[in-house]
Protein chains: 4
Amino acid sequence: MSRARVKPEAQPADADTPTPRGRPRSGEAEEAILRTALEILDDAGYGSFSIEAVAARAGVGRPTIYRRWPSKLELAIEAVVRLTPPLKVIDSGDPLADFRHLVAALLPDITSSAAGRAIIALASDPGVHAGLARHLDERFLRPRRAVLADLLRRAAEAGQVRPGLDTELLIDLVLGAALYRWLVTGQPVNRQTAGQILDTVLGLAAPR
Amino acid sequence: MSRARVKPEAQPADADTPTPRGRPRSGEAEEAILRTALEILDDAGYGSFSIEAVAARAGVGRPTIYRRWPSKLELAIEAVVRLTPPLKVIDSGDPLADFRHLVAALLPDITSSAAGRAIIALASDPGVHAGLARHLDERFLRPRRAVLADLLRRAAEAGQVRPGLDTELLIDLVLGAALYRWLVTGQPVNRQTAGQILDTVLGLAAPR
Amino acid sequence: MSRARVKPEAQPADADTPTPRGRPRSGEAEEAILRTALEILDDAGYGSFSIEAVAARAGVGRPTIYRRWPSKLELAIEAVVRLTPPLKVIDSGDPLADFRHLVAALLPDITSSAAGRAIIALASDPGVHAGLARHLDERFLRPRRAVLADLLRRAAEAGQVRPGLDTELLIDLVLGAALYRWLVTGQPVNRQTAGQILDTVLGLAAPR
Amino acid sequence: MSRARVKPEAQPADADTPTPRGRPRSGEAEEAILRTALEILDDAGYGSFSIEAVAARAGVGRPTIYRRWPSKLELAIEAVVRLTPPLKVIDSGDPLADFRHLVAALLPDITSSAAGRAIIALASDPGVHAGLARHLDERFLRPRRAVLADLLRRAAEAGQVRPGLDTELLIDLVLGAALYRWLVTGQPVNRQTAGQILDTVLGLAAPR
DNA sequence: TTATAAACGAGACGGTACGTCCTGTCTTTTA
DNA sequence: TAAAAGACAGGACGTACCGTCTCGTTTATAA
């Protein structure tokens, strides 16, 4: 990013990226690809997700996709990461309540979307795991967790949560329980389920 | 219909399965298929798992597989379910300690095996979810959870766990947190990690 | 037939075929197989002719067919040979006219029937040719040609055909021309075409 | 090839075939496929002829074959048609002698080659007959027959053949008799057999 | 009678080939 | 020089038959 891509002469700064010659890559095509990828993930799941299908539906040549992403997994992740809106941070003055609201909104969102499924598809290929998971983690999960962790930390400071607890692990518990129910037992994770999980964890974590 | 064929009274139970005609299916072949399937899942993951490969390595014709399982997902699940040993129940008189030991042994096991990966691969295809997940749940997860739930219940009765907690949800928390770390962040779930999760949850759940 | 099958001691003649023990082969099944085979050949041609299909439609197990014929080609030939009625010999006192009538009836018959197609299918597999062709020749073609050759010979004696001609070759010319038109050019060989071929050959062969 | 590819006016002929987009089909692959197909037909006959085998031996992907020919029958015919050399026309001034020589060379050629067998394999599937036979007829048989018919016509003009005979039918007689002997009776059609057939037919057709 | 033997229908077995779909790469024309 | 279009080699899919091999059952002759 920040490739500038300015028309006129210029480019004194990055002489190592020496002004791409020839036809520049089409931003239109890129967007169409990502949008289509997400559509297909939503409609049919990662199992029916194929580069072929994305190219055809997006009206794009297959090599145009391969030029950007080396495999369908990378494409799926990029689509998820780029097109999933960030958490909208709220600050009502009550960090614990904000945490609850955010999580209660987040969980049903993830577990009913292409994003969730694509994330999970990662796990089925061990060879792929290492590199991609990090990518996904850094660009998708970490920022979202950071928001939650911050709220929890402030809740602890405000005495709403027992001190000394590992906030990261608390988040793991909440997200993990939801993940487990969704993935393993196939139950939908709606607001009610999310509320039940939050009640339990935050109840346990409440100061005595 | 007409089933007659009985000489004496007999067969009260399965009057609806009318004696299979023709050559019976080969238990040998079945076993070879499942064993090979699990090997491939362990070696290469679900992504590289193909009916073709299983048939070739098991020395079996492809139709012999399709006769039994309609798709590779069903085969993978069956392999996992049939070839994963059940939890070995222990009863030392201290239910909470037993719970700890069982979970601490179970978690690294699942998250480093084909079983785990195959289970997860389920989730990536929404259309498949309903039926198969139930199958997997009933034959694999439910029996294992039942053992854990029983221990927790007895721990509660013994006063080792705060009364009034939803034991099922407690199990979801423990297993979910491990699942989350393994799947999403890619961290291995070894005995230490398992211990940390257990410490936290059981600490929170301890009677005040 | 005439297998004797006498109950008592007897069998002085064929002591090497010592009366078969066990259940004798079912004539019913045999007939059903051949009838069905011919039906399928007529309906769908040799290309769609499969042992599987014959067995299924005849209500017979596949091994029951293989017990009798080693391959589908043999079965097809047997079906054709056994179920095609022989030429009905006529003798009006005018051998040449009888020849014409017989051939004019025979040609459309062969070139519109399963018999013809099955015969031809022979030719496409060189390995099969030797043995089976002889079988077909002996049991199907030779008897029919014998009738025709006899008529031609008597026509020659009666001065209706130029003497000194190779009657076998004359028959080859007539049947061959019809075969050629049917097979290679795909024209149907009806009575009119047959008449035209006969007119030409017999006209050429007429005494000067 | 070279096609000029001129910018200006040009292309008056095929304005409806608007310059193919994408990578053009590989002539190399096409040639390898046809050559291999003919080899297999020669070695093993049409019965053992499979797309699978052609693809493997030609070092070509299976879809590359299906892209060009919809079935193995079409491929076989194309191979025969494209790789069988045309009749080499001769004109010694004696049309009848030329006819004899040409036919005497042609018959053993056809009846001992893959070409012949592939042509015949056509006939065994009635559904296929219509369209393909025409194709084969137009591109293979008709040009060859035209040469023969022309010689016979000139022989008739030169008084070497009785006037008023149907030359097409004469050719049918000669080719048909050879076809019959080869296919039905399994006799090889060598130069001697060819000579015998020609002697008879041309003897009959000689002017009185 | 009772054995014994073989054929029966059914259907599974290891295989081969089918024709389709998708993968990731390569090549051509167009912009 | 990137874009779209589309062909390339390869490989897995799920299906249809192949010819063989059990099964349990039926129908004969032989003991």
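Residue numbers begin at 1 in each chain, while the letters A, B, ... track the order of the sequences.
Distance CH2 (C:Trp69) to C1' (F:dC18): 18 Å, rounded to an integer number of Å. Taking atom CZ of residue B:Arg57 and atom P of nucleotide F:dG11, one finds them 17 Å apart after rounding to whole Å. Between the OH atom of B:Tyr66 and the P atom of F:dA12 there is a distance of 11 Å, rounded to whole Å. Atoms CG (A:Leu75) and P (E:dC22) sit 15 Å apart, rounded to a whole Å. Atom CD1 in C:Ile33 sits roughly 7 Å away from atom P in E:dG9 (whole-Å rounding).
Remark: D:Arg23 engages no residue in a side-chain hydrogen bond (donor to acceptor under 3.5 Å, both in side chains) (not counting sequence neighbours). For D:Arg68, the side-chain hydrogen bond (donor to acceptor under 3.5 Å, both in side chains) criterion is met by D:Glu30, not counting sequence neighbours. Residues passing the side-chain contact (heavy atoms from CB on, under 4.5 Å) test with B:Ala56, sequence neighbours excluded: none.
Note that CD1 of D:Ile40 is 6.5 Å distant from CZ of D:Phe49, once rounded to the nearest 0.5 Å. Between A:Ile77 atom CD1 and A:Lys72 atom NZ the span is 12.5 Å, to the nearest 0.5 Å. The structure places CG of D:Leu73 at 12.0 Å from CD of D:Glu78, a figure rounded to the nearest 0.5 Å. Rounded to the nearest 0.5 angstrom, C:Ser71 OG and C:Ile51 CD1 are separated by 7.0 Å.
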Going 5' to 3' through nucleotides 10-17 of chain E, assign each nucleotide B (protein heavy atom under 4.0 Å from a base atom), S (under 4.0 Å only from sugar-phosphate atoms) or - (no protein heavy atom that close). BBBBSB-B
Under 3.5 Å, sequence neighbours excluded: what are the donor-acceptor pairs made by side chains of residues 57-67 of chain D?
| residue | atom | partner | partner atom | Å |
| --- | --- | --- | --- | --- |
| D:Arg57 | NH1 | D:Glu39 | OE1 | 3.0 |

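Between the axis at the start and the axis at the end of the helix from E:dT1-F:dA31 to E:dA31-F:dT1 there is an angle of 10°, using five pairs per end and rounding to 10 degrees.
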